[in-house]
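Some notes on the structure that comes next.
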Amino acid sequence: MADTPVPANEAEEWDAVASRRAAEALVVDVDGFEGPLDLLLSLARTQKVDLRQISILALTEQYLAFIEEARALRLELAADYLVMAAWLAYLKSRLLVPAEVSDDGPSAEDMAAHLAFQLERLAAMRDCAAKLMARDRLGQDRFVRGMPEATGTARRVDYTASLIDLLQAYARVRTRDDFRPYAMDRDEILTLEQALERLRPLVGDLAEWTDLMSFLPDGWTMDPKRRRTATAANFAAALELVKAGRLSLRQSETFAPIHLKRKDDA
Amino acid sequence: MSDTPDNDTSAPGMQQGESLFRAPPLAEQERMVEAMLFASAEPLSVAEMEARMPHGCDPAEALQLLRRRYEGRGVQVARVGDGWAIRTAADLGFLMAREVVESRRLSRAAIETLAIIAYHQPVTRAEIEEIRGVSASRGTVDQLIELGWVRFGRRRMTVGRPVTFVVTQGFLDHFGLENARDLPGLKELREAGLLDSRPADADAPELPEDDTGQLFDDPSEAMDGDEDA
Amino acid sequence: MSDTPDNDTSAPGMQQGESLFRAPPLAEQERMVEAMLFASAEPLSVAEMEARMPHGCDPAEALQLLRRRYEGRGVQVARVGDGWAIRTAADLGFLMAREVVESRRLSRAAIETLAIIAYHQPVTRAEIEEIRGVSASRGTVDQLIELGWVRFGRRRMTVGRPVTFVVTQGFLDHFGLENARDLPGLKELREAGLLDSRPADADAPELPEDDTGQLFDDPSEAMDGDEDA
């Protein structure tokens with residue numbers, strides 16, 4: 001995936017021993033990293049410069065060396081670390097090779113700048129998180145009233161439920177069917193006979209054009225399977241009634257709603 | 001409170017090396033008593049306050065100051081048994097009337113019904129039953145209406161003109177939502193880990209979401225409209 | 001507000017009940033606000049207070065007085081988003097050891113996610129993941145919602161209409177912020193461009209607002225219209 005061996009010339013540029021030591025310390029910790037960006041940020045800190053002046057090329061080297069080392073130690077690396085390694089190897093090659101003219105995509109410099117931006121942004125959010133947690137917090141530094149007044153005359157029961165309860169309830173209801181053992185459900189099908197029987201008495205007073213879909217029986221409109229079979233059965237039943245001269249059908253264009261009306265001149 | 005600085009000179013060691021340092025000024029002690037009485041879940045005795053305060057403090061005296069300070073205010077420092085507490089002034093009790101509530105959790109049937117109404121509104125009783133797979137007891141929807149979380153919507157223009165139910169502003173307020181449309185879809189629930197993940201779950205077909213679209217006459221109505229294309 | 005009485009003098013023959021009486025003097029209103037804020041553990045909005053107070057009261061004005069009165073005291077009148085609450089002064093936390101709420105230790109991921117939501121709100125899950133460079137572990141946002149610090153915001157009007165997350169009043173209360181604009185370092189971050197997503201994102205297709213109106217139209221209403229005609 002990555003072009004692996006640490007290339008000679010750049011590698012010389014930074015202290016091999018120190019970097020190796022840093023890498024070892026990191027390797028031990030590999031589980032502690034929350035993904036490649038986090039790892040990159042830790043590596044970047046070893047450059048001991050402002051993140052804005054970071055050398056992306058050096059960082060790329062560091063990262064690739066780290067991945068190499070982790071592999072040598074047969075540490076298991078999650079796929080996203082390897083994806084990042086591949087991307088960085090590509091970035092490195094683009095940074096080293098003079099810019100090609102024809103390229104449409106972002107330039108290597110743009111890519112590097114964006115990576116630097118991502119690192120800086122992540123670092124900033126870490127700082128913010130720390131600042132937030134260091135604030136005077138409720139229940140630790142600041143306190144609420146210990147005895148909220150409840151001198152009771154009008155006692156009222158307040159039913160409560162949290163948003164999480166609500167979401168879980170919905171998920172529970174909607175996924176119940178996913179876990180049902182498979183069975184052929186005959187009662188999931190509305191037959192032509194049933195639809196016809198239902199529709200026939202209804203069309204008598206149908207003086208206005210009315211959407212076919214509004215004739216779906218209660219209980220057959222929500223579940224898509226039932227809705228489909230009910231739609232088909234109703235449509236077939238409507239055709240039967242047209243054939244019998246009791247009903248007119250109208251559709252303004254393909255896929256438009258189908259409308260029914262009593263056949264007046266019958 | 002301008003005397004806090006005095007206090008600061010002795011501050012570094014205050015917590016631990018207690019007896020080495022002077023007690024904080026009385027005004028500062030008064031602040032302490034005020035904070036303790038406010039935050040405590042029970043009335044506090046002078047001895048209890050003293051035990052919490054820096055060495056050399058005299059909560060009894062601070063308490064007298066505080067008590068005088070609150071005279072005629074909206075709350076009072078009141079003696080309760082052996083202890084002291086802050087209480088609403090007797091003449092303002094009428095403002096507290098609404099404070100008295102007893103919380104009870106909603107039943108599972110009620111919360112499920114509520115969730116269905118929120119996600120599928122406007123929705124008829126028959127549709128609720130269809131989604132839940134159980135016939136809804138009349139009482140459940142009634143309870144939700146009584147709670148002010150559900151109200152009647154327009155009648156559905158289908159045969160029988162069934163009434164529909166929708167959620168109210170009170171519902172949105174209670175659950176901290178701006179709009180029922182902002183409720184996450186099933187896929188988002190799953191991503192958020194809110195879906196009980198039983199083994200089959202992860203690979204379960206993503207059907208349900210698409211299908212919500214079908215529930216509405218207009219497919220663009222779907223909560224996750226993106227998938228309809 | 002001192003002109004409220006003027007107002008009322010011209011009103012002897014007014015409608016009924018309430019308006020016959022002039023609003024209580026401001027000092028009295030201040031007592032009422034004081035009592036209500038002391039009595040409630042949750043922040044109260046001006047509107048909530050006004051609803052409980054006698055007709056013609058102006059809690060906003062009374063609040064300013066009250067806030068000044070408690071400056072430097074052991075408890076403080078704190079603004080919390082839309083609401084107001086009384087909280088103990090932070091420097092006296094050491095007295096309240098017994099009241100400390102042992103909060104569940106938040107994971108690093110949860111803390112970071114919280115910060116990202118607070119500083120970037122409204123923010124989608126994908127954006128959180130982009131900033132952290134990892135797919136958010138399940139349960140992280142969930143945990144923050146359960147703590148009452150995060151809630152759903154409006155759906156983003158981009159393709160896919162993802163749900164967004166924002167911080168709550170509970171978050172502000174917990175971290176002692178008057179409102180989300182007071183987050184430490186927010187301005188500097190914005191000026192440094194660190195709250196932007198990548199520049200390319202700026203031109204991401206934003207659907208026009210009208211569009212959403214369309215989506216949210218209630219089909220049954222549309223049908224109603226037809227039928228009524």
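Just so we're on the same page: letters track the sequence lines, and every chain starts at 1.
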CG (A/L166) and CD (B/E112) are apart, to the nearest 0.5 Å, by 10.5 Å
Answer whether the closest heavy-atom distance between the side chains of [X] and [Y] falls below 4.5 Å.
X: B/H174; Y: A/L163; answer: no
X: B/L106; Y: A/D165; answer: no
X: B/T158; Y: A/L216; answer: no
X: B/T124; Y: A/T221; answer: no

Okay, B/T88 and chain A: the region with an atom under 4.5 Å from a heavy atom over there is both
Honestly, the part of B/I86 sitting under 4.5 Å from a heavy atom of chain A is both
For [X] versus [Y], what's the shortest heavy-atom pair and its separation?
X: B/F175; Y: A/S162; value: CE2-O, 3.5 Å
X: A/R145; Y: B/R87; value: NH2-N, 4.2 Å
X: B/F38; Y: A/V144; value: CE2-C, 3.4 Å

Note to self: Does B/D82 have more than 12 heavy atoms from other residues, nucleotides or ligands lying within 6.0 Å of its CG?
What the structure shows: no
For A/E197, does the CD atom have more than 12 heavy-atom neighbours from other residues, nucleotides or ligands under 6.0 Å away? no
message = Angle between ring planes, B/Y119 versus A/Y170, binned at 30° and 60°: parallel, tilted or perpendicular?
response = parallel
